[in-house]
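Right, one structure below, let's go through it.
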Protein chains: 2
Amino acid sequence: MATRTDAPTRREQILKEAARLFAERGFHGVGVDEIGAAVGISGPGLYRHFPGKDAMLAELLIGISDSLLTGAKRRLAEAGEETGPGVVLDSFIEGHIDFALDDRPLITLHDRELDRLRDADRKMVRQLQRQYVELWVGVLREVYPALAEPAARSAVHSVFGLLNSTPHLGRPGSLPGRAVTASLLHRMARGAFAAVGEE
Amino acid sequence: MATRTDAPTRREQILKEAARLFAERGFHGVGVDEIGAAVGISGPGLYRHFPGKDAMLAELLIGISDSLLTGAKRRLAEAGEETGPGVVLDSFIEGHIDFALDDRPLITLHDRELDRLRDADRKMVRQLQRQYVELWVGVLREVYPALAEPAARSAVHSVFGLLNSTPHLGRPGSLPGRAVTASLLHRMARGAFAAVGEE
DNA sequence: CCTTCAGGTTAACGAGCGCTAACCCCCCTG
DNA sequence: CAGGGGGGTTAGCGCTCGTTAACCTGAAGG
């Protein structure tokens, strides 16, 4: 099943560099010439791979939202019938942390540049995000049945804020090690949920 | 002591509208003409009040960082000797939540547009932010003496992420009421800290 | 009553942007 | 060996942006 150990295609290079630049300086703050330069070609050469700058952002944001949602669905399915909802919640948290730690530019773009999208693309991203949130809300309310739905939704958004804070934790070197950071974030997320769920 | 029930000056109007627009569409996504239109004057009229667009952003960001820091210092001083560190931590959390709920555009700008500043201004903001974080870290480690400093700093940043998530909680109408939201955020913050401090 | 000045106006400039046009070159295939 | 297309190049267009210049106006002060 050729699990893509291949060299990255030019398209993928472009997307990766564009994500980094957009995250660093904002969508409007980056010119196509810079994106081109980052992959070794110059400016208008990008238009052989994308119809425009907007399309790069759209593909990035849809890709992120989709892969978060897909990952969560898979984790929910893998849990099966016997495992408790607490295990699923932990799995959700773990997946989100992996994403936040491994794809920091994408996590940044995800809640920062959404409004720069064309209407149709933005609707698509919003819908994927909403589904993702609903999965979390469902599992959270299984773990804490006393939790009302609006409170659960707010709690989920807040924990996303907590988990997505990794870009602010200093440059990748200053972190106390990936595993340690992941564990810290995980415990804080569970603690935050517990504080609002057990009452 | 004339607590400023006066009408807002033109400068203040401009800053407020600029903050809203920058938060909505990003610094580079807003033109000076739009900012002018938002306060009823047109484009270049702004230059009677500010030397340039950058200066507006700089004044906003420095103002935010300074008032967060000043507020925290005041709360620390007010606590006096007898009150425990837990009370101070609660006071910090409460102050930050007030800010996040009442000045949502500013909180958004605060961690989103910092890199658009001139070097000198950015350094100033960073220094204020660092001092603010250090106050939190100090109090947090008094509450949880077992907590190592790097972990404490990460925890503080993460809780900022949690508290600053309010802009994502839907438009001001859909929130379950300010007091309820504030209480929810407060409990989650304490829960997150507790989960990493008690061990 | 004349002056001054704060706080506006419109016109216009220069730079930078996203994007298109026109061209080129190499590699692959029949 | 012809030719065709994928993937580049540079030149340049049209637009928008931040900023400046030049001008105007109404109210306050001597």
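We name chains A, B, ... by the order of the sequence lines, and we start the count at 1 in each one. All heavy atoms count here, side chains included; hydrogens, waters and symmetry mates do not.
- Atom P of nucleotide dC17(C) and atom CG of Leu57(A) are separated by 17 Å, given to the nearest angstrom.
- The shortest non-hydrogen separation linking Pro85(A) to Val139(A) is O-CG1, 3.6 Å.
- Whole-Å rounding puts the His28(A) NE2 to dG16(C) C1' distance at 14 Å.
- A straight line from CZ of Phe27(B) to P of dC17(D) spans 13 Å, rounded to a whole angstrom.
- Because its NZ or CZ atom is not both nearer than 6.0 Å to the ring centre of Phe22(B) and within 45° of the ring axis, Lys53(B) does not count as a cation-pi partner of that residue.
- Spacing between atom CD1 of Ile35(B) and atom C1' of dC17(D) amounts to 12 Å, rounded to whole angstrom units.
- Val39(A) comes within contact range of no nucleotide atom at all, as no heavy-atom separation falls under 4.0 Å.
- Spacing between atom NZ of Lys53(B) and atom C1' of dT19(D) amounts to 12 Å, rounded to whole angstrom units.
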Discussion item. Walk along nucleotides 5-13 of chain D from 5' to 3' and tag each nucleotide B, S or - by protein heavy-atom contact under 4.0 Å, base first, then sugar-phosphate.
Written reply: --BBBBB--
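- Protein atom OH of Tyr47(A) is 13 Å distant from nucleotide atom P of dA21(C), rounded to whole Å.
- Electrostatic pairing of Arg112(B) and Glu113(A) does not count as a salt bridge here, judged by no charged N lying under 4.0 Å from a carboxylate O.
- Between Asp54(A) atom CG and dG18(C) atom P the separation is 10 Å, expressed in whole Å.
- Rounded to whole angstrom, the span from the CZ atom of Arg116(B) across to the P atom of dG18(D) amounts to 14 Å.
- Separation of atoms CG (Leu114(B)) and CZ (Arg126(B)) is listed at 4.5 Å; rounding is to 0.5 Å.
- Cation-pi geometry between Lys73(B) and Tyr132(B) is not satisfied (NZ or CZ under 6.0 Å from the ring centre, within 45° of the ring normal).
- A salt bridge links Glu149(B) and Arg153(B); the closest N-O separation between the charged side-chain nitrogens and carboxylate oxygens is under 4.0 Å.
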